[in-house]
Amino acid sequence: MAESTNMRLRLPLLCIILEVILIILFGALVEYNDDTHAKLWNANKSHSATRDDYENEFYYRYPSFQDVHVMIFVGFGFLMTFLQRYGFSSVGFNFLIAAFSLQWATLMQGFFHGMHHGKIHVGVTSMINADFCTGSVLISFGAVLGKTSPVQLLVMAIFEVTLFAVNEFILLSMLGANDAGGSMTIHTFGAYFGLMVTRVLYRPNLDKSKHRNSSVYHSDLFAMIGTIYLWMFWPSFNSAITNYGDPQHRTALNTYYSLAACTLATFAFSALVNPEGKLDMVHIQNAALAGGVAVGTAGEMMLTPFGSMIVGFLAGTISVLGYKYLTPVLESKLKIQDTCGIHNLHGMPGVLGAVVGAVTSALASPGVYGDGLQRVFADAETGKWNPQSRGGFQAISLAVTLGMALFGGLVTGFILKLPIYGAPPDTHCFEDGLYWEVKTFQYHFYKIKKTSWISSIPQN
Amino acid sequence: MAESTNMRLRLPLLCIILEVILIILFGALVEYNDDTHAKLWNANKSHSATRDDYENEFYYRYPSFQDVHVMIFVGFGFLMTFLQRYGFSSVGFNFLIAAFSLQWATLMQGFFHGMHHGKIHVGVTSMINADFCTGSVLISFGAVLGKTSPVQLLVMAIFEVTLFAVNEFILLSMLGANDAGGSMTIHTFGAYFGLMVTRVLYRPNLDKSKHRNSSVYHSDLFAMIGTIYLWMFWPSFNSAITNYGDPQHRTALNTYYSLAACTLATFAFSALVNPEGKLDMVHIQNAALAGGVAVGTAGEMMLTPFGSMIVGFLAGTISVLGYKYLTPVLESKLKIQDTCGIHNLHGMPGVLGAVVGAVTSALASPGVYGDGLQRVFADAETGKWNPQSRGGFQAISLAVTLGMALFGGLVTGFILKLPIYGAPPDTHCFEDGLYWEVKTFQYHFYKIKKTSWISSIPQN
Amino acid sequence: MAESTNMRLRLPLLCIILEVILIILFGALVEYNDDTHAKLWNANKSHSATRDDYENEFYYRYPSFQDVHVMIFVGFGFLMTFLQRYGFSSVGFNFLIAAFSLQWATLMQGFFHGMHHGKIHVGVTSMINADFCTGSVLISFGAVLGKTSPVQLLVMAIFEVTLFAVNEFILLSMLGANDAGGSMTIHTFGAYFGLMVTRVLYRPNLDKSKHRNSSVYHSDLFAMIGTIYLWMFWPSFNSAITNYGDPQHRTALNTYYSLAACTLATFAFSALVNPEGKLDMVHIQNAALAGGVAVGTAGEMMLTPFGSMIVGFLAGTISVLGYKYLTPVLESKLKIQDTCGIHNLHGMPGVLGAVVGAVTSALASPGVYGDGLQRVFADAETGKWNPQSRGGFQAISLAVTLGMALFGGLVTGFILKLPIYGAPPDTHCFEDGLYWEVKTFQYHFYKIKKTSWISSIPQN
């Protein structure tokens, strides 16, 4: 190896310095919000009614938060365990960078989303938002999976979280965009940021590790744990921070139908693109989720179950076709080595979701939404609302997101190229043994050896 | 192979046609209900109070829905991964037919459970009901596991969902039966439907695949993920669509105690029926769940924790004894090849649950239920309530369910026997490689080979 | 083997006798509480308002209950599957003793926490408390994992649950201590009880099974399922039985930050203590959770995110250092064979949590808490409140807990030493085959054998 991958000093030093900085900044800047503060909450609620405690936002957001939390840590973590020798790193580094990112995101988002007298106020909504931002970093992680050291990943997270918060601020606060489920802010941003990073980190000799860059039987089953959790809880993800009442309810419902239709499209096209009609686990694990991504913007709108199913079906279709036909081209022509195929799961479906959101916004009307219009489109409340311009702002938001992601990924990629992070050599990518104590398989093998009748099993 | 199992045209064609039909029917028939519709929700709620949004049914049903959703996709899906070479199909086909069934069930149940001016209204309750119906299909899947192509499974789902909705309509709407947790509608129906299908599809030469019809160490652990999730969330399943307040609370509590008692019975009888006193994973994975099935009807009633525990203990006992003594007889004498033993987990405990429900209904009285009587038994509200006749209607409901299931399974079985679906040959049942791209174990094995000191491990 | 490990009579007999006793006691003593009883609930609520059903405690406690339930059955169960040949027992015995303990705990806690006219009232809160008590037993299970028969574990649970209820009664009712998340009652108690039991059961020749007392690649991934679920849902655990409103909300938030900081400390010190800077799965699986343990007492107080992060960081640090440096010493010098290292995950962090709780209590003031003071510190309501004496009572509570746990573990250990339970011989510890039907690996191996190109893979 040209360069040491020993993490003994680098990783502890970075983790400890980052956590100390986080603790100091939290000490200086972060306060409980009204719903979590003993004094403020009890001063705000009317003294007569004990019922008031039931109105704490905790009871209306926390179940959604926990579902999102499962998606971040189990969903993303296990989805990436499909590699045969990279399960520890997939779940473990996912765990590490998520734990860091949610703290850093709390600060960055708090900073941009309105300080209260110089303080950042936290509660269950900030927890959800921090998890959302973390999701974006984990999407990018999928592109560079197996080819980066944990130190590189933490450095990437520092920059990506920061830019995420800036982009989110531009979209939600300046452009007034709708993006409750994050088709743009989370998926499009995370995908194109990660694709640009992996482009800059291009390894011409990655072939040397190709025997490890694939799954085995059980690793694919572990990955399905991730897939199924993401699929099941995506309705909670898209609806977690919408307005209360009908928007939250509707978002969950639309996402549920979009995902169901997407799953049928995924199975259909997975069999269709295979010469023997065999299903490919890569498609099932990933493309079946594209329906959740693609209603991330329009899910809270009156998209209807009908519309949701069409969007989901399209998303599953382009995602499978992307895995089959586009990913190899991206690698051979554009030198984009996208380990998990995030372009197919988050990139294209994210852009689709942004476009669907823009169109659905442009078609919104008081006739359809009634008094509910202003509860979906904040502009409507101010009287300045104009559906066509709203659609336009949604489209601009997509363009801004793509620009921020590509530029941010470019800069971050070059920073990650510095030879100081202990990145794995080309011969040892996709290998847990580099950063983890890994045991071998002695005892199991011993049990096998004893079985002498093996040769008598009929051939498959 | 006599017949091609190539899915290249069959599966895509069926999936795409089905999804297009679903989308068209959803476009024509499905509308948001009052709680999910922007206009209707905001028109219904009083304009003065912003608190109203908290009263949206979303907040009182959605956490239960998510638990049910986990049972359907993770619970059923992973429970069936116990087969050594059928993990992809277990989780994957479970995923596919569930995604289809929940859409189709939304239409069928909406059609029978009352159209609103020609439209089907959807919201979180319809999502739960659709998942329930899907559960019934997945139970039947357990009987034919490993012996059917995905095309057959989709065709089975089309018929089973339809008949499920008819049976549910007869029971709940015509006979006024109580069956919140579906001992009859879901478990008894799904089990006897599936058993009849597998009887019709009887394979005299299934022995040729018997070396694959068993578990290995890790596949049993994956299956335990399914078991434990089903066990934990069963209280949510049984209580998901009861009336609000005490019935929902009580149902969860009764189910919790029934399952705990069932688990002790399962361990006791699993050790007792084994000559060496060794526990059998098949029993633990399945029989421990029978306690949830058996309180699916009476769970919402004043069964008491005492009664719940007796029912759970009985359910676990008959389930283990069924696996040990009845399943082999069903196969050898009645030619019923029941891969997962659904007769022991859903069949007998479902019938037990129906009987317990009938008896508990017949014993209900205003003295015990007070003003809560009419919140459990809808008849009581109308003044026509008579506990004995209520018990009688419950018993009739069981008979109707058994008849519908056996007849439906018979017809569906013959339809599935047509040689057009690409069913696996007798020599290749329980084998993922037929329908999935499956990788081999190269790298792991390589690691093992290096370990030269293996022979020095002391023998077990 | 000197002594038979056959469970054929012992286990069924014990399970059936215990369950029959439980059923009889439940029949005699247990009643639905006001929120689960059809008559009482409907009599209590005002007849005019149907909205009242939404105020049932079910809706404010049940989502937390389900998260806790997942931690008990999936979290603890899978965390212990790290052993290569003990996965069935880890998940299975965890399942068995949890199902027993939660029933027994309902009786014991009901008995001590106030009978209502000679009856124990049950509902969602009693379900959470029973699960909490069960958690304590499962912590102790971690110390003796692989070295005990299921009969021994059930006997241990009988005694531990009883003493847990006594200790909890002394702390919460007599000393008026705060301990919502159970740093003392659950973690400290469970850890030192288990450590004392394993000390009494010391096996000088455990070396004979050491080749099985370690993980393999996939068993570590299964264990990570347990870890991640414990980590994600710990905010629900600590907040599950706090008062409604701000305390519950704040507890979840504090736990979330503590765990995030703890995770960074864990990764940092895991790499630092390894000569090659490689991460150790044992640390990641366990130490990353110490942050949840350490805010189990102070989490509901105004600890602030800043304080929570410091506590979490300390907890992760001492936990990793404990695994690396203290566990080997405990084994060699004190003869404490602690299979899972519960001293590092629950023992030390539990004591840390108790100390942090005492200090935070002593620093509480009306200036910080406002009207919320009495909702955290029950004494404040009575006017007798004095922060310093409150801190003192918290410290006394820790001492009582340590005393009860060590004494209880000592007595229980000697009871478990009787040669009647079928404990595994020294040569067969950590081995599923003793108590379970275990299949071998035939088919997989067959697939491997076919692959002839294996030798051509480049060496790692």
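These numbers were taken from a predicted model, which means no experiment stands behind them. Order of the sequence lines sets the chain letters (A, B, ...), proteins ahead of strands, with each chain counted from 1.
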- chain B heavy atoms under 4.5 Å from A:Thr251: which part of the residue, side chain, backbone, both or neither? neither
- A:Pro247 portion near chain B, given a 4.5 angstrom heavy-atom threshold: neither
Taking side chain as everything from C-beta outward and backbone as N, CA, C, O, which of these in [X] sits under 4.5 Å from a heavy atom of chain A? Side chain, backbone, both or neither.
X        : answer
B:Asp131 : both
B:Ser90  : neither
B:Asp34  : neither
B:Phe100 : both

- Hey, mind stepping through B:His69 and B:Phe65 against ring-ring contact (aromatic ring centres under 6.0 Å, His included) and telling me if it holds? CA-CA 6 Å; B:His69 218 41; B:Phe65 161 71; 4.6 Å; yes
- Message: Taking ring-ring contact (aromatic ring centres under 6.0 Å, His included) as the criterion, tell me which of B:Phe88, B:Trp436, B:Phe222 meets it with A:Tyr217.
- Response: B:Phe88
Do you know which of [options] has the most heavy-atom pairs with chain A at a distance under 4.5 angstrom?
options                              : answer
B:Leu102, B:Leu14, B:Val91, B:Ile225 : B:Leu102
B:Ile24, B:Leu40, B:Leu22, B:Asp35   : B:Asp35
B:Ile16, B:Ile72, B:Leu13, B:Val20   : B:Ile16

[X] and [Y]: side-chain donor and acceptor closer than 3.5 Å?
X        : Y        : result
B:Asn56  : B:Tyr62  : no
A:Ser258 : A:Trp234 : no
A:Ser209 : A:Glu431 : no

- Query: Is it true that the NZ or CZ of A:Arg375 lies under 6.0 Å from the centre of A:Tyr369's six-membered ring and within 45 degrees of the ring axis?
  - Reply: no
Among the options [options], pick out the one with the most heavy-atom pairs lying under 4.5 Å from chain B.
options                                : result
A:Leu373, A:Ile284, A:Asn274           : A:Asn274
A:Met224, A:Gln285, A:Met301, A:Gln248 : A:Gln248
A:Ser64, A:Pro275, A:Ser270            : A:Pro275
A:Phe306, A:Phe267, A:Tyr229           : A:Phe267
A:Asp280, A:Leu259, A:Val368           : A:Val368
A:Pro63, A:Ala261, A:Ser239            : A:Ala261

- Message: Can you confirm whether B:Trp104 is buried at CH2, in the sense that more than 12 heavy atoms of other residues, nucleotides or ligands lie under 6.0 Å from that atom?
- Response: no
- Does the separation of the ring centres of B:Tyr54 and A:Tyr59 fall below 6.0 angstrom? no
- 4.5 Å side-chain heavy-atom contact, B:Tyr86 and B:Arg212: no
- Query: How far does CZ of B:Phe76 sit from OG1 of B:Thr134, to the nearest 0.5 angstrom?
  - Reply: 10.0 Å
